[in-house]
Protein chains: 2
Amino acid sequence: MKAKRKRTVGQKHGDLRNELLREGLKLLDTHGIEGVTIRGVAREAGVAHSAPANHFRSKRALLTAIAAIVFADLADRIDSATAEMAHHTEQAIKAFADTCFQFAFDAPNRYHLLWQRQLIDQDDPAVAAEMDRVYAALLSVLRQDRAPHRVDIETDAIAIWSMIHGYISMRLDGNLVEAADTVTNLPRHKAILLSLIDGVYSREVPTP
Amino acid sequence: MKAKRKRTVGQKHGDLRNELLREGLKLLDTHGIEGVTIRGVAREAGVAHSAPANHFRSKRALLTAIAAIVFADLADRIDSATAEMAHHTEQAIKAFADTCFQFAFDAPNRYHLLWQRQLIDQDDPAVAAEMDRVYAALLSVLRQDRAPHRVDIETDAIAIWSMIHGYISMRLDGNLVEAADTVTNLPRHKAILLSLIDGVYSREVPTP
DNA sequence: CGAGCTTATGGACACCGTCCATTTCAGAGG
DNA sequence: CCTCTGAAATGGACGGTGTCCATAAGCTCG
């Protein structure tokens with residue numbers, strides 16, 4: 001019966017893989033994406049510089065594994081936030097957007113990592129699964145309590161996600177906005193964006 | 001009178017600085033942002049690995065100079081595209097958005113570089129000036145032919161830019177969209193986005 | 001107990017950005 | 001004309017990185 005048993009955790013170090021991931025998240029938060037390095041996480045974990053190679057075949061694989069954790073966290077938050085609003089579509093959309101805002105502004109480095117195709121493998125099964133959970137949550141919110149005269153749900157999802165992600169990116173990267181603006185006007189901007197999303201949700205079908 | 005004269009161009013190499021920038025743009029297009037390296041541009045230009053140090057104090061300075069060129073190109077395109085529509089606000093907004101789409105999908109690496117705060121110095125005078133030109137073009141478009149019952153122009157600008165930049169980022173990074181979708185549906189998505197922008201432009205004032 | 005596999009180690013290599021001393025050379029001033 | 005100066009280019013060095021390699025250590029199971 002132990003034939004298919006999971007590998008025993010207690011090798012030399014015990015649980016180095018997760019230890020490396022934890023240190024990677026710490027470095028990500030404190031020193032940015034550029035601060036996450038194979039030798040760095042090894043150093044923080046107190047092992048040789050080449051030890052991580054046994055758990056991650058490349059730096060890309062390490063960052064991908066970290067991104068999967070971050071994605072799962074985001075998906076969890078979105079799920080629980082929208083679940084409370086399951087029967088109120090408009091509130092659920094707001095909850096979805098607000099969860100994204102909160103997450104991105106609380107941990108900008110984590111949010112950034114998720115979309116860096118150059119650095120992570122978005123086709124990785126774990127990453128793709130968690131990304132699908134986020135997308136599925138948005139679709140699920142849009143699916144319920146739906147007016148009959150709308151365009152298809154995917155189109156609404158693309159539009160809403162464009163606005164949410166675009167505003168977050170603009171704020172995190174400082175695009176086209178004065179620096180003074182970025183701190184003081186966050187609540188106002190959030191309200192505007194949410195009203196915009198309302199507009200998307202209740203607009204007519206565009207002429208094709 | 002020659003005391004304040006500009007430095008003669010014909011030093012040893014003649015025009016190494018611009019040569020390095022040209023090679024940098026080539027590497028950016030062909031090998032992505034990660035492919036642009038000080039030693040790389042020096043190699044392509046046929047000079048010593050430390051020669052660029054005389055013209056760019058750091059890699060950040062090199063990438064910033066490249067970004068300034070790219071920004072200027074984008075601003076030029078936007079200016080000429082919107083100038084033709086100077087008396088038709090709705091068409092001008094579409095022209096602005098379409099120019100951004102075209103630019104980003106034609107040269108994704110260049111577009112990406114513009115917003116990488118980690119890599120370039122957005123407070124650099126040249127970069128900031130060109131970024132302001134883009135923002136000014138959007139504001140100028142919104143300023144003319146304006147209905148009286150709107151929110152302030154900056155708010156509209158933020159909303160419109162969020163959608164344009166968000167949609168581009170989503171497409172370039174493959175966010176939440178199936179790969180098959182990304183190629184086939186571009187014209188459709190563009191139409192949808194433009195109709196969304198119309199919605200922003202003609203919406204009512206949100207409750208503050 | 002010993003075989004075998006996984007894991008950890010330390011060294012090596014090729015890059016990279018940056019700093020440094022040195023050399024080269026165009027142009028200014030005597 | 002000739003020297004002098006200072007910017008530009010060179011080559012070497014250092015520390016850091018990702019990746020590969022041979023080796024050693026430790027656990028599991030036959």
Side-chain angles (χ1 to χ4, degrees), chain A residues 1-24 27-28 30-67 113 116 118-121, chain B residues 1-24 27-28 30-67 113 116 118-121:
Chain A
M1 65 170 169
K2 301 183 192 156
K4 210 75 181 106
R5 174 161 79 103
K6 201 68 184 172
R7 174 158 321 289
T8 311
V9 286
Q11 227 54 295
K12 286 185 187 173
H13 183 278
D15 192 21
L16 181 56
R17 185 188 150 92
N18 290 104
E19 174 85 13
L20 294 171
L21 290 174
R22 276 190 294 270
E23 298 299 336
L27 286 175
L28 176 62
T30 57
H31 291 76
I33 294 180
E34 316 275 327
V36 182
T37 174
I38 289 185
R39 293 172 109 104
V41 294
R43 208 177 300 128
E44 295 296 318
V47 294
H49 69 272
S50 52
N54 294 309
H55 305 277
F56 308 100
R57 76 173 69 204
S58 65
K59 179 173 186 180
R60 188 181 180 80
L62 170 65
L63 291 178
T64 299
I66 295 176
L113 177 65
Q116 300 259 342
Q118 294 263 357
L119 299 181
I120 74 172
D121 176 18
Chain B
M1 65 168 170
K2 298 184 192 153
K4 208 78 180 109
R5 174 162 81 103
K6 199 70 183 172
R7 174 157 322 289
T8 311
V9 286
Q11 225 54 293
K12 287 185 187 174
H13 184 279
D15 192 21
L16 181 57
R17 186 189 150 93
N18 289 104
E19 175 85 11
L20 293 172
L21 290 174
R22 276 191 294 271
E23 299 298 337
L27 286 175
L28 176 61
T30 57
H31 292 72
I33 294 180
E34 315 276 327
V36 182
T37 170
I38 289 185
R39 293 172 108 103
V41 295
R43 206 178 301 127
E44 295 296 318
V47 295
H49 70 271
S50 54
N54 292 310
H55 303 277
F56 307 100
R57 77 171 71 205
S58 66
K59 179 173 186 179
R60 189 181 180 80
L62 170 64
L63 290 178
T64 300
I66 294 176
L113 177 65
Q116 301 260 341
Q118 293 263 358
L119 300 180
I120 73 172
D121 176 19

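In what follows, every heavy atom counts, from backbone to side chain, and hydrogens, waters and symmetry copies are set aside. Lettering follows sequence order; numbering is per chain, from 1.
Rounded to whole angstrom, the span from the CG atom of A:Asp15 across to the P atom of C:dT6 amounts to 18 Å. Residue B:Leu119 contributes atom CG, which lies 14 Å from atom C1' of C:dG17 at whole-angstrom precision. In this structure, the CZ atom of B:Phe56 is 12 Å from the P atom of D:dA8, given to the nearest Å. The separation between A:His31 atom NE2 and D:dG16 atom C1' is 15 Å, rounded to whole Å. Atom P of nucleotide D:dA9 and atom CD1 of B:Ile38 are separated by 15 Å, given to the nearest angstrom. Straight-line distance from the CG atom of B:Asn18 to the P atom of D:dA8: 13 Å, rounded to whole Å.
Of the inter-residue distances, the one linking B:His31 atom NE2 with B:Thr37 atom OG1 reads 12.0 Å to the nearest 0.5 angstrom. Going from atom CD1 of A:Ile38 over to atom OG of A:Ser50 covers 10.5 Å, rounded to the nearest 0.5 Å.
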Legend entry - Chi angles and distances behind the side chain to side chain contact (heavy atoms under 4.5 Å, CB included) call for B:Leu21, B:Leu62: CA-CA 8 Å; B:Leu21 290 174; B:Leu62 170 64; 4.2 Å; yes
Legend entry - A:Gln116 and A:Ile33: CA distance, side-chain angles, deciding distance, side chain to side chain contact (heavy atoms under 4.5 Å, CB included) verdict: CA-CA 10 Å; A:Gln116 300 259 342; A:Ile33 294 180; 4.1 Å; yes
Inset, instruction - Please report the C-alpha distance between A:Leu16 and A:His55 in whole Å, then the side-chain angles of each, then the deciding distance to 0.1 Å, and finally whether the side chain to side chain contact (heavy atoms under 4.5 Å, CB included) criterion is met. - result: CA-CA 8 Å; A:Leu16 181 56; A:His55 305 277; 3.9 Å; yes
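Toward the 5′ end of DNA chain D lies the nearest nucleotide of A:Arg43, the other residue of the pair A:Arg43 and A:Arg57 mapping further downstream. Residue A:His55 is the one, among B:Thr37 and A:His55, whose nearest nucleotide of DNA chain C lies closer to the 5' end (criterion: closest heavy atom).
A donor-acceptor pair is defined here as one N or O able to donate and one able to accept, closer than 3.5 Å; no such pair exists between the side chain of A:Arg17 and the backbone of A:Phe56.
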Where do N or O atoms of nucleotides 9-12 of chain C meet protein N or O atoms at under 3.5 Å, pair by pair?
unit_1, atom_1, unit_2, atom_2, d
C:dT9, OP2, A:Ala48, N, 2.6
C:dG10, N7, A:Ser50, OG, 3.0
C:dG10, O6, A:Ser50, OG, 2.7
C:dG11, O6, A:His49, NE2, 2.8

